[in-house]
Amino acid sequence: MAKILVVAEIKAGKLKSSTTELLSKAKAIGAEAAVVAVGANIDSLLPDLVQAGSSTQYIADDAGLQLFSAGPYAAAVVDAARQFEADMIWFGFSESGKAVAPRVAAQLDAACATEITDIDISGDQIEVIRPAITNKVMQRVKINTPKLVAVVRAGAFEADEGLTGSENVVNLDVPESDLKAIIKELVSDASGEIDLADADVVVSVGRGVKDQAGIDMVRELANDLNAGFGSSRAMVDGGFMAHNKQVGQTGKIVAPTLYMAIGISGAIQHLAGMNGSKVILAVNKDPEAPIFNVADYGIVGDLFEVVPILREEINKLRS
Ligand SMILES: Cc1cc2nc3c(=O)[nH]c(=O)nc-3n(C[C@H](O)[C@H](O)[C@H](O)COP(=O)(O)OP(=O)(O)OC[C@H]3O[C@@H](n4cnc5c(N)ncnc54)[C@H](O)[C@@H]3O)c2cc1C
């Protein structure tokens, strides 16, 4: 039976859904699934880690791990992987996962496959599926090392909410030597807006909205839906939107349940960041806009007329 170690994603003291998604997949393929959680004061997460489906919980809890720092986090994951004798170590597709995974792979002499959307295991043979060339092709990659470190794209696997595991806690030592460099302070975006990576619905604006008044109008739609508010690069380059709102090849990759592209043409670099979304709705006045090639629902029309109607209808349904 394959042994899979899932690296828990913790944000603001809470376990992220990606942890349950990865553990669900590990269980679905018949693997023995353990989880490793790294941080400070994370005892209270134990019930959630068990509930998410793990059979062993490796915990590295130390004041020096309060803020994310790739080196110390990698050391803890490597320790857990060695103790568990993991065949595979799975990370979610987050900034921290992407930073830690290659370090862990190097220390374990394992292959490192990033952005995977699926995994096939047959006996000793492992193959992963991943997009390449800005999502234009899907690659099937055969892994030739005994161990694999994988970074899994958000939303690639379904969470099984009915899962439960069993409590078997292993506390990891955090030696001083693992804390060579620790982050002392993080200054986060103070806007209070929903993080695009966590949002279940994302509404994004493109050059079609023209100016700040257009942005503000579409932001109201995002607020109605409690959605993350994103952007094409054109609006970032134009100075209207912050870079952390950019979706695409050189921005964030999102895979929400619903993605609404408002006044976005659908350039390949934008699609690379959102075409894994479950449902895509596009509003564009040009019926030939490439965004309609990936949209599940397309509205051809002037966004300044369409968005107020959408808001009205959504608010009617809500009330
Ligand atoms: C190396 C590289 C990396 C890049 N990375 C990214 C990236 O990460 N993310 C990204 O988004 N782009 C990226 N780009 C840029 C990308 O190629 C496009 O230029 C950009 O996505 C276009 O943004 P847009 O769709 O907002 O603007 P446009 O292409 O100008 O499209 C605006 C759309 O709005 C529609 N429109 C206009 N008025 C209205 C109206 N009143 N009602 C309805 N529709 C209207 C138009 O029909 C048009 O389709 C990258 C480019 C390069 C070269």
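Atoms within a ligand are numbered from 1 in the order they appear, just like the ligands themselves. The first residue in the sequence is number 1, and the count goes up from there.
- In this structure, the protein non-hydrogen atom closest to atom 27 (O) of ligand 1 is Arg207 CB, 3.5 Å.
- Between the side chains of Ser204 and Tyr259, at least one donor N or O lies within less than 3.5 Å of an accepting N or O.
- Counting heavy-atom neighbours within 6.0 Å of Gln139 CD, excluding the residue itself, gives a total above 12.
- Among protein heavy atoms, the minimum distance from atom 25 (O) of ligand 1 is reached at Ser265 N, 2.8 Å.
- Counting the atoms of ligand 1 from 1 in the order shown, those under 4.0 Å from a heavy atom of Asp286 are 47 (O).
- Protein heavy atom nearest atom 41 (N) of ligand 1, with residue, atom name and distance: Asp302 OD1, 3.0 Å.
- In this structure, Gly301 has a heavy atom closer than 4.0 Å to ligand 1.
- The residue from Ile291, Asn284, Ile262 that puts a heavy atom closest to atom 49 (O) of ligand 1 is Asn284.
- Using modelled atom types, one finds no donor on one side chain facing an acceptor on the other under 3.5 Å when comparing Ser18 with Glu21.
- Side-chain contact, Gln125 with Glu127: a donor N or O sits under 3.5 Å from an acceptor N or O.
- The shortest heavy-atom distance from Gly263 to ligand 1 is under 4.0 Å.
- By the 3.5 Å distance cut-off applied to N or O atoms, Phe304 is not counted among the residues near ligand 1.
- On a distance-only criterion, Ser231 and ligand 1 share no N/O pair closer than 3.5 Å.
- Here the protein heavy atom with the shortest distance to atom 36 (N) of ligand 1 is Gly208 CA, 3.6 Å.
- Comparing His270, Gln249, Gln246, Lys285 by heavy-atom distance to atom 39 (C) of ligand 1, the nearest is Lys285.
- Shortest contact from atom 52 (C) of ligand 1 to any protein heavy atom: Gln269 NE2, 3.7 Å.
- Taking every non-hydrogen atom of Ser232 and a distance limit under 4.0 Å, the qualifying atoms of ligand 1 come out as 11 (O), 23 (O), 24 (P), 26 (O).
- With salt bridges taken as basic N to acidic carboxylate O contacts below 4.0 Å, none links Asp224 and Arg318.
- We find that Lys25 and Asp118 are joined by a salt bridge, their nearest charged nitrogen and carboxylate oxygen being less than 4.0 Å apart.
- In this structure, Arg130 does not pair ionically with Glu115, as no charged nitrogen and carboxylate oxygen lie closer than 4.0 Å.
- No donor-acceptor distance shorter than 3.5 angstrom exists from the side chain of His270 to the backbone of Arg233, with no hydrogens or angles considered.
- Under the 3.5 Å distance criterion, the side-chain polar atoms of Tyr73 are matched with a main-chain donor or acceptor of Leu65.
- Environment of CG in Asp173: sparse, with no more than 12 heavy atoms of neighbouring residues, nucleotides or ligands closer than 6.0 Å.
- Checked by atom type and distance alone, the side chain of Ser231 never pairs as donor or acceptor with a backbone atom of Lys245 at under 3.5 Å.
- Between Gly206 and ligand 1, a contact under 3.5 Å exists for no N or O pair.
- Among protein heavy atoms, the minimum distance from atom 2 (C) of ligand 1 is reached at Arg233 NH1, 3.5 Å.
- Between Ala289 and ligand 1, no N or O atom pair is found at a separation short of 3.5 Å.
- Protein heavy atom at the shortest distance from atom 9 (N) of ligand 1 is Val247 O, 2.8 Å.
- Interface of Gly251 with ligand 1, defined as ligand atoms under 4.0 Å from a residue heavy atom, comprises 8 (O).
- Atom 31 (O) of ligand 1 is approached by the protein to below 4.0 angstrom, counting heavy atoms only.
- A cation-pi geometry, defined here as NZ or CZ lying under 6.0 Å from the six-membered ring centre and within 45° of its normal, holds between Lys3 and Phe84.
- Protein heavy atom in closest approach to atom 20 (C) of ligand 1: Ala267 CB, 4.2 Å.
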